Amino acid sequence: MAKISYLYQHHTWQELGARVREQPVVVLPIGSVEDHGHHLPLDTDNFLIWSICEEAAKRAAGEILLLPLIPYGFETHHMDFTGTIDIRQEHLLHFVLDVTKSVAHHGFRRILIADGHGSNMPILDLVARRTILETDALCGTFIWPSLAREEIRRQRESGRGGMSHAGELETSVYLHLAPDKVEMDRAVKEIGMPESEFIWMDLMEGSPVHLMDEWTRFSKTGTYGDPTLGTPGKGEAIFEAVVGAFVRLAREFKNRPRGARTDYHERPSD
Ligand SMILES: [Zn+2]
């Protein structure tokens with residue numbers, strides 16, 4: 001198998017040193033091994049985020065350097081479902097921060113953490129901030145649907161809650177990428193949280209108040225959303241919009257200007 005130039009770990013250490021001079025955006029994908037209803041495999045978050053990152057790296061022609069995927073996420077609230085792997089939040093924060101700090105240590109100055117699993121986001125936000133505060137690199141993080149909100153709203157048929165977890169959104173993109181792994185005849189619509197003016201769950205339209213309970217208290221199938229509205233056509237349009245935005249993001253972020261820091265303290269001389 002030939003070396004693939006956008007894959008970080010396909011380089012020798014000396015080749016990687018040469019890539020530092022080019023300053024590509026280093027992308028760290030992270031997902032999860034987690035229940036996704038009766039119709040999608042445990043690999044859903046990993047498979048979707050890796051597919052998006054790999055396609056963006058292919059199209060970005062040398063401007064993205066792609067790290068291996070971190071396959072596990074913060075899942076304590078999903079542990080009633082068989083098969084889910086939980087990395088406790090403190091561990092995940094320190095583990096991901098160790099990866100970004102290693103990348104910064106080697107001289108890369110632009111790092112993006114690309115997330116496939118919603119509950120990783122508050123932790124990754126802290127990781128990105130700490131990477132900035134504790135290294136010379138700029139580091140940002142996003143969950144993939146955020147890159148293509150307009151296109152997703154255009155494709156969307158479900159109401160509030162329909163695009164949360166294993167719902168219309170993830171099911172559509174999975175159907176586009178690997179239809180043989182989706183058991184649509186087993187897909188069940190389930191939107192089970194109590195009605196509320198302030199607290200709901202939706203990947204595209206977040207609620208003003210954040211609250212996450214143990215999942216089996218409000219979802220019996222491991223779905224939160226409407227997967228019955230998933231289609232490969234919607235998935236293709238959404239995938240293309242996300243990948244296109246990701247390439248534009250990488251090109252912009254690679255050259256993002258950064259002002260000089262000023263320390264305004266007056267230091268008394270000895
Ligand atoms: Zn998911």
Side-chain angles (χ1 to χ4, degrees), residues 29-54 69-87 89 92 96 113-124 141-149 152 155-156 158 160-179 181-184 186-193 200-206 210 212-216 218-232 234-235 238-239 242-243 246:
I30 177 166
S32 193
V33 172
E34 173 195 42
D35 61 283
H36 273 79
H38 291 170
H39 64 296
L40 288 172
L42 298 170
D43 79 352
T44 299
D45 292 344
N46 285 336
F47 176 61
L48 298 187
I49 194 61
W50 179 257
S51 302
I52 287 163
C53 287
E54 190 166 42
L69 171 109
I70 296 176
Y72 302 120
F74 169 47
E75 291 286 0
T76 312
H77 48 307
H78 276 268
M79 289 303 281
D80 287 337
F81 295 103
T82 310
T84 299
I85 305 288
D86 176 37
I87 306 298
Q89 50 186 307
L92 189 69
V96 181
I113 308 169
D115 185 27
H117 170 57
S119 293
N120 290 339
M121 274 314 291
I123 298 160
L124 299 177
T141 186
F142 63 88
I143 186 162
W144 63 263
S146 307
L147 293 187
R149 286 201 178 101
I152 294 171
Q155 298 295 330
R156 179 172 195 156
S158 59
R160 177 184 287 173
M163 286 187 161
S164 299
H165 177 80
E168 184 185 10
L169 180 64
E170 288 183 311
T171 302
S172 292
V173 179
Y174 214 127
L175 279 171
H176 164 57
L177 294 170
K181 283 164 68 191
V182 185
E183 299 181 55
M184 279 307 277
R186 306 195 65 209
V188 177
K189 175 183 177 181
E190 188 176 9
I191 300 174
M193 276 189 179
W200 64 85
M201 186 164 49
D202 194 281
L203 258 180
M204 296 306 299
E205 320 283 345
H210 293 196
M212 184 53 71
D213 206 344
E214 301 264 5
W215 258 64
T216 51
F218 58 84
S219 172
K220 297 305 165 200
T221 63
T223 291
Y224 199 96
D226 192 354
T228 65
L229 295 173
T231 70
K234 289 178 191 170
I238 292 167
F239 181 80
V242 170
V243 169
F246 195 166

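In this text the structure is predicted, and so the values were computed from the model without any measurement. As the structure lists them, so they are numbered: ligands from 1, and atoms in each ligand from 1. Computed over heavy atoms, backbone and side chain alike; hydrogens, waters and symmetry mates excluded.
Looking only at atom types and distance, the side chain of Asp80 has a donor-acceptor partner in the side chain of Thr216 under 3.5 Å away. Checking Ser32 against Glu75 by side-chain atom types alone, a donor-acceptor pair falls below 3.5 Å.
Residue His165: no N/O/S atom is found under 2.8 Å from the Zn ion (ligand 1). Checking Glu34 against the Zn ion (ligand 1), every N/O/S atom stays at or beyond the 2.8 Å cut-off.
Restricting Asp45 to its N, O or S atoms, the one at the least distance from the Zn ion (ligand 1) is OD1. Within Glu170, the N, O or S atom lying nearest to the Zn ion (ligand 1) carries the name OE2.
Here the closest non-hydrogen pair linking Lys181 and Tyr174 is NZ-OH, 2.6 Å. Residue Ile113 comes nearest to Thr141 through the heavy atom pair O-OG1, 3.0 Å, listed as atom of the first residue, atom of the second, then distance.
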